[in-house]
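For reference, the structure I am asking about is given below.
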2 protein chains.
Amino acid sequence: MDKHTPIDLTLTERHSAVTITQWVYSTLRQAVLLGKIPPGRALTIRELATLLDVSPMPIREALRQLSAEGALEIQGNRRVMVPKMTAMKFAELVEARICLETHSAVRAMPYIDEARLAQLEDLDHRIDIATEHGNGHDVTRYNQEFHRLLYTANPHQVTQSLIESLWLQLAPFMQVAIENLDDYYQVDRHKEAISAIRERDSLALQMAISADIRDGCAFASSPEQLQQLLG
Amino acid sequence: MDKHTPIDLTLTERHSAVTITQWVYSTLRQAVLLGKIPPGRALTIRELATLLDVSPMPIREALRQLSAEGALEIQGNRRVMVPKMTAMKFAELVEARICLETHSAVRAMPYIDEARLAQLEDLDHRIDIATEHGNGHDVTRYNQEFHRLLYTANPHQVTQSLIESLWLQLAPFMQVAIENLDDYYQVDRHKEAISAIRERDSLALQMAISADIRDGCAFASSPEQLQQLLG
DNA sequence: ATGTCTGAATTGTGATCACATATTCGATGA
DNA sequence: TCATCGAATATGTGATCACAATTCAGACAT
């Protein structure tokens, strides 16, 4: 668990206008979101610096930022790792998501115009296609974009960074969900959400978002199901 | 606005077991919470390093962490500052607080035993005394401790860091509240919360917490009232 | 008085180094 | 065979330096 499992980071092209720290941050964040880093695996600055071919300095900054966002955890021994999960914590995270995201959705609703509604429908369509093709990564990516596009309609946004923090904490343990996703997307909650927005029905929107989140995490509804993926 | 207004940081004793970065972080965080740093004022690494008599390195780390937590903001020009506030954003922050904190309180309630209830009552008593003496800083400090002690009863806590982020964003603009606090603490919402917990009444607890937060931010209920403190 | 331009000073970013501490691993003993 | 201990290594923290980009101040022209 501690050091010898390798980490495969997908290195993206680095634009010159972006600081190295930002690039490192995005790279590591993406790795966390895709579950590339085993929970509990010790992340050392020098190892990552070698892996990404940069100096230790940008790594330090990126690790501290990700830790502040809850994506990583700094232990007492000053080691950095993806936090380990428990069934209870998982449940709390899901409930927190529902609480924050339904709130954010309702607060965003008044600002959603036809243009954004069209974009939401487009994303929902992409999700359908990706689901048919069994392309799990695309499903999760477009799903995130769908939620983000919905919430950020509110121009006085203050909850998005909090929501992203919850996503980061849950993501490493959602890999099983995207592998066998056929079971979970029986009902298209996104279409329910869209029509709720059209009718300006706050309660219906809350129900749709809430159900969508619960569906996506249903695989871990029982502690036993989750437990096997934590060991 | 930009540089020449001085910032007075209260320097606390630094324990040797704590890293310099952590000490700098606490110091700056406290300064933000007490509204010592004017919003929009540019914070430069070297200036703070001189002020705190440390090397620039711990300052960089602390600034990045505080920025990730929403206490500070990194602009495009890479300048760091306390974010400016708008009336709408203030309202959103208050609503987000109510949403998250009522949720967190209800989830913590099952874990609150008599011992913790006694601590809560003790803190409430301290708040009463501080209010009588007109000691605003103590009121806000004990008030924060009261809420923190309540929420952290839940051992599977995941919302506390999110809540603290909201506190950090609101705090710089709450100074007017603690200056003339006589008007706002007419009803002791904390006692309502405590008795709600005793009776295991989730709804009453939600109402108490919600009212407590609203009371504390009532001074900014109208955009005009808030506006005068933003300029 | 006011706006514009240019050179100087300041600043953030990133690299490198020193050092105290934590971790690892092999030797030694039972 | 296994536990214990100590040295060698690895690691995080913090300091210092170089450099490009930004900001600032003063001169100049209008």
Side-chain angles (χ1 to χ4, degrees), chain A residues 1-7 11-29 37-38 40-68 71-83, chain B residues 1-7 11-29 37-38 40-68 71-83:
Chain A
M1 177 78 71
D2 269 56
K3 184 61 190 297
H4 305 288
T5 53
I7 322 176
L11 304 186
T12 72
E13 196 59 33
R14 181 162 67 84
H15 302 82
S16 58
V18 164
T19 64
I20 299 184
T21 299
Q22 288 172 318
W23 176 75
V24 171
Y25 168 78
S26 320
T27 304
L28 292 180
R29 183 191 155 97
I37 306 175
R41 166 74 151 81
L43 296 178
T44 68
I45 294 177
R46 285 173 173 85
E47 182 195 12
L48 291 172
T50 309
L51 212 59
L52 298 181
D53 195 34
V54 297
S55 95
M57 192 63 52
I59 308 283
R60 281 170 65 169
E61 305 255 320
L63 287 185
R64 185 162 294 271
Q65 181 167 352
L66 286 165
S67 302
L72 301 177
E73 197 179 49
I74 305 181
Q75 298 181 111
N77 31 343
R78 297 171 181 174
R79 275 286 166 73
V80 176
M81 60 180 208
V82 172
Chain B
M1 176 78 72
D2 267 58
K3 182 63 188 298
H4 305 288
T5 53
I7 44 183
L11 303 186
T12 73
E13 196 59 32
R14 181 161 67 85
H15 300 83
S16 59
V18 165
T19 65
I20 299 184
T21 299
Q22 287 172 318
W23 176 75
V24 170
Y25 168 78
S26 319
T27 305
L28 292 180
R29 182 191 157 97
I37 306 174
R41 165 75 151 79
L43 296 178
T44 69
I45 294 177
R46 285 173 172 86
E47 182 195 13
L48 292 173
T50 308
L51 212 59
L52 298 181
D53 196 33
V54 296
S55 94
M57 191 63 51
I59 308 283
R60 281 169 66 169
E61 304 255 319
L63 288 184
R64 184 163 294 272
Q65 181 166 352
L66 286 165
S67 302
L72 300 178
E73 197 179 50
I74 306 181
Q75 297 182 112
N77 30 344
R78 297 170 181 176
R79 273 287 165 73
V80 176
M81 59 180 209
V82 172

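This one's a predicted model, so the numbers in the text were calculated from it and none came from an experiment. Protein chains get the first letters and strands the later ones, always in sequence-line order, with residue 1 at the start of each.
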CG/A:Asp53: more than 12 non-hydrogen atoms of other groups inside 6.0 Å: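 No - once you tally the heavy atoms of other residues, nucleotides and ligands closer than 6.0 Å, there are 12 at most.
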
Flag the pair B:Glu73 and B:Arg79 as a salt bridge only when some basic side-chain nitrogen lies within less than 4.0 angstrom of an acidic carboxylate oxygen.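 Salt bridge absent between B:Glu73 and B:Arg79.
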
Nearest to the B:Arg78 side chain among C:dG12, C:dA15, D:dG12, which nucleotide is it?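 Closest nucleotide among those given: C:dG12.
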
Within this structure, what is the CH2-to-P distance between A:Trp23 and C:dT13, rounded to whole angstrom?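 Interatomic distance, CH2 of A:Trp23 to P of C:dT13: 17 Å.
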
Among D:dA15, D:dG12, C:dT13, which is the nearest nucleotide to the side chain of A:Met57?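 It is D:dA15.
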
In whole Å, I'd like the distance from the CD1 atom of A:Ile59 to the P atom of C:dT13.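 To the nearest whole Å, that distance equals 15 Å.
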
Separation of atom CZ in B:Arg41 from atom P in C:dT11, rounded to whole Å: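 Interatomic distance, CZ of B:Arg41 to P of C:dT11: 10 Å.
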
Under 4.0 Å between a side-chain N or O of A:Thr19 and OP1 or OP2 of C:dG12?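 For A:Thr19, the contact criterion (side-chain N or O under 4.0 Å from OP1 or OP2 of C:dG12) is not met.
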
Considering only D:dG12, C:dT13, D:dA15, which nucleotide approaches the side chain of B:Pro58 most closely?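 Ranking D:dG12, C:dT13, D:dA15 by closest atom to the B:Pro58 side chain puts D:dA15 first.
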
Looking at D:dA21, I'd like to know if its phosphate oxygens (OP1 or OP2) sit under 4.0 Å from a side-chain N or O belonging to B:Asn77.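 No, B:Asn77 has no side-chain N/O under 4.0 Å of OP1/OP2 on D:dA21.
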
Let me know the distance between CG of B:Leu63 and C1' of C:dG14, rounded to the nearest Å.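 From B:Leu63 CG to C:dG14 C1': 16 Å.
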
Give the rounded distance in Å between these two atoms: CZ of A:Arg79 and C1' of D:dT11.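 That distance rounds to 6 Å.
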
Looking at the base of D:dG14, is there any donor atom on it, or on the side chain of A:Arg60, that sits under 3.5 Å from an acceptor on the other one?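 It does, because a donor-acceptor pair links the side chain of A:Arg60 to the base of D:dG14 below 3.5 Å.
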
Whole-Å distance separating the CG atom of B:Leu52 from the P atom of D:dG14: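 Checked: the CG to P distance equals 13 Å.
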
Would you check if B:Val80 and B:Ser67 make a side-chain contact, meaning some heavy-atom pair closer than 4.5 Å?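 Yes; the side chains approach each other to less than 4.5 Å.
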
B:Pro56 side-chain proximity, nearest of D:dT16, D:dA18, C:dT16: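 Of the candidates, D:dT16 comes closest.
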
Please step through side chain to side chain donor-acceptor pair (under 3.5 Å) for the pair B:Thr19 and B:Gln22, ending with a clear verdict. CA-CA 5 Å; B:Thr19 65; B:Gln22 287 172 318; 3.1 Å; yes

Whole Å only: how far is the CD1 atom of B:Ile20 from the C1' atom of D:dT16?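 About 14 Å, once rounded to whole Å.
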
DNA chain D: B:Arg46 or B:Ser55, which has the more 5' nearest nucleotide?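 Its nearest nucleotide lies further toward 5', so the answer is B:Ser55.
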
Specify the closest pair of heavy atoms between A:Leu11 and A:Leu51, including all atoms of both residues, with the distance to one decimal.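 Looking at all heavy atoms of both residues, the closest pair is CD1-O, 4.4 Å.
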
Whole angstroms only, please: what is the CD-P distance between B:Glu61 and C:dT13?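 The answer, rounded to whole Å, is 12 Å.
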
